[in-house]
Structures are given as C-alpha cells and as structure tokens.
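Note that the structure is predicted; figures quoted are calculated from it, not measured.
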Amino acid sequence: MDYVFCVRSTRNGAFGSDAGPTKFLKIPANVRRPDPAHRITKSDWFREVTELSRHGPQNEMPVGDVLLYVHGFNTPQEVMLERHRLLRAGLEELGYEGAVASFDWPCADNALNYLKDRTTAKLTALRLVSEGITSFAALQRPDCRINVHILAHSMGAYVVREAFDDADDRPAVAARAWSVSQVMLISGDISDSSMAASNPKSSSLYRHCVRLTNYYNPFDEILSLSNIKRVGVAQRAGRIGLPDGAPDKAVDVYCGEYYKTHRARFAGLTFPTHTWYFHDRRLMEDMLFTIRGDIDRNEFPTRRPTDRGNLALHD
C-alpha cells in the first residue's frame, strides 16, 4: 500500500487540478493513479503510517521515521505515485525501515501552467504543515519518537518554504509544537537568494528543521533562466546552489560532475537533468545517510569536499 494525502478537488469521481478538501489515501500497489475511492479516515491513515514508521528493538525505545515527498509542478498524479514508489523502493533496498508518504498538491498537467501552479501551490501549501506535520507531532508518545523528514522536488521546494512561512503566521498552527528533522531539496525550484539566513521568507523553514540539504545540478535545463516557462524568475537553488549567506544548518551537495559522469544512464528519462535523482542508487544512499543523521555531514562516504568549500556527490 502507498499512503498519500491529497488536497486536490474532485469531479465526476476523479481528482482535478484545483484545490479541494484534504483526503487521506491508501493506494493499492497494483494501481497506477490515485482515486477518491482510496480515501480512508484521517485517524486510520496516521495510525497505519505511524505503525509502518516504527523500527528498532521493540523492548527498548522504538523510533519512527516518516519521509514526506512533495512533488513539483506539471506532475500528473500517476507520475507523482511512480516517483513515490521509486523513492520507497530505492531507500528500502538500502536498508531504510521507516515509512514513505506523499503530499499531493493540485497542479495542472501542462508545462505552460507554471505561474498558475505557483499560485495554487501557495494557496494549498499550509496544509502540508496544518494537516500533516503537526498531526505527526501530536502523535509523539513516550514509547515512540517519530522523526518526520521532507524530500521536495522542483516546485515542491517552494511549497515547503511557503508552508513553513505561512504556518508561523497562523496563530492556531504557530501555537502548536512542531518541527521536522531533515529537509532535502532536489532540483529545488526556489530562488537562491531566498535561502539566505537573513531572508525572512525562509526563516521559518530553517527554524523548524534540524538540517536542510540542497542537492543541485548546474546542468538542470528545466531550471535554466532561458527556459521560456520561467522567464523573469531569479536563479534557482537547484541549479546554482545555496547563497553564501545560508545558515550553518544548511548544506549544499553539488551533483554536476556526478551527473556528467553518469548521464548516459538517464538518457531515456523525461527531462533527465531535472528528474535523474529518483533513479540513482548513490543519491538514495546519500539521502539515507542524511535521514539517519548518525554521521557528520562532512564524513558521508557518498561525498567529497570541493574547491568551493561545499560537498559533492561522488562514487
């Protein structure tokens, strides 16, 4: 089963591309696309995901890990679900014992709807926190600590930033104790300057996470300034990395040389420079080290230092 919480509208028994009430879905493994009929109660959804998240000796203090995947723009639901399953299978093959769930925000199945998707993303982003993260925080018990992590792809990085920023401006949400452990951005479609420690747009994101890891690839064609869908949009963190003024809890992982070396493996993908992350075992291994958090970020065997003072993914 795959677990998704969805904030899309429904019409004629199918999900649409507009905002709608939150639905918690439990999707059978043999199904390619989410359906409103997969809906279960919120309490059952959180109970089942929490049980899947638990690992470690049950006679000691068990812990739980939940990875929340947030998709990007122009991502049809069947593609979202495919990538959700790629993440889960890839991490589990390497030894991940927690749960994977997805936040499905409403985007159109049309690459030219970039600005509309950004508007919809901002309108629905809060529910990532108010319906998801704070609900996991409320389930914390003395006998099981749940660590929530986020993996955001493309415009999903914008969704996460807006969700955290909006949450701190809402008294009903800000009054609750909530946080996440690791935030990981791949092909982050978010301006590099907005990720500086001094920028108020990202202050909530940094305040409510333990660490933020930005995987970036300078060959990402989708995030190029020359891309017609993105004319007038500033340089993106998923293409050029974080600014010099990023806080200490943020770390850049340069993936350019690694991608160049292995790009032949990704040639058959749609937009390979932007989506290869879902198909690479070494990148998954680095993400698993990040989730576990038991090795210093500078000592991962999947990384090496660069002459820019940051880190690079390597074989």
I need the Q77 CD to T75 OG1 distance, nearest 0.5 Å.
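Going from the CD atom of Q77 to the OG1 atom of T75 covers 10.5 Å.
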So if you build clusters from Ile, Leu, Val, Met, Phe, Trp, Tyr with side-chain heavy-atom gaps below 4.5 Å, do I240 and F219 land together?
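Different hydrophobic clusters.
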Any side-chain donor-acceptor pair under 3.5 Å between [X] and [Y]?
{"X": "D104", "Y": "H71", "value": "yes"}
{"X": "Y216", "Y": "D192", "value": "no"}
{"X": "S187", "Y": "D220", "value": "yes"}
{"X": "D286", "Y": "Y215", "value": "yes"}
{"X": "S154", "Y": "H274", "value": "yes"}
{"X": "R127", "Y": "T124", "value": "no"}
{"X": "D315", "Y": "H262", "value": "yes"}
{"X": "S179", "Y": "H208", "value": "no"}

Of R83, K26, R88, the one forming a salt bridge (Lys or Arg N to Asp or Glu O under 4.0 Å) with D2 is R88
Give the C-alpha distance, both sets of side-chain angles, the deciding distance and a yes or no for side chain to side chain contact (heavy atoms under 4.5 Å, CB included) between H279 and L86.
CA-CA 7 Å; H279 303 267; L86 285 169; 3.5 Å; yes
Quick one, F5 with F103, criterion ring pair (Phe, Tyr, Trp, His ring centres under 6.0 Å). Give me CA distance, side-chain angles, the key distance, then yes/no.
CA-CA 5 Å; F5 69 106; F103 175 64; 5.0 Å; yes
Do the ring planes of F278 and Y69 sit parallel (below 30°), tilted (30 to 60°) or perpendicular (above 60°)?
perpendicular
Check the angle between the aromatic planes of F266 and Y259 and answer parallel, tilted or perpendicular using the 30° and 60° thresholds.
parallel
Salt bridge between R85 and E82, side-chain N to carboxylate O under 4.0 Å?
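Salt bridge flag = no for E82 with R85.
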Start with the C-alpha distance between M195 and Y206, add both sets of side-chain angles, then the distance that settles side chain to side chain contact (heavy atoms under 4.5 Å, CB included), and finish with yes or no.
CA-CA 9 Å; M195 300 302 289; Y206 288 129; 3.5 Å; yes
Before giving the answer on side chain to side chain contact (heavy atoms under 4.5 Å, CB included), spell out for R161 and Y158 the whole-Å C-alpha distance, their side-chain angles and the decisive distance to 0.1 Å.
CA-CA 5 Å; R161 190 196 70 187; Y158 175 77; 3.6 Å; yes
Got a donor-acceptor contact below 3.5 angstrom from the T41 side chain to the D44 backbone?
yes
Backbone N or O of R297 within a donor-acceptor pair of the R303 side chain at under 3.5 Å?
yes
Measuring centre to centre across the rings, with the benzene-like ring taken for any Trp, is F24 within less than 6.0 Å of F46?
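Yes, the ring of F24 comes within the 6.0 Å limit of the ring of F46, centre to centre.
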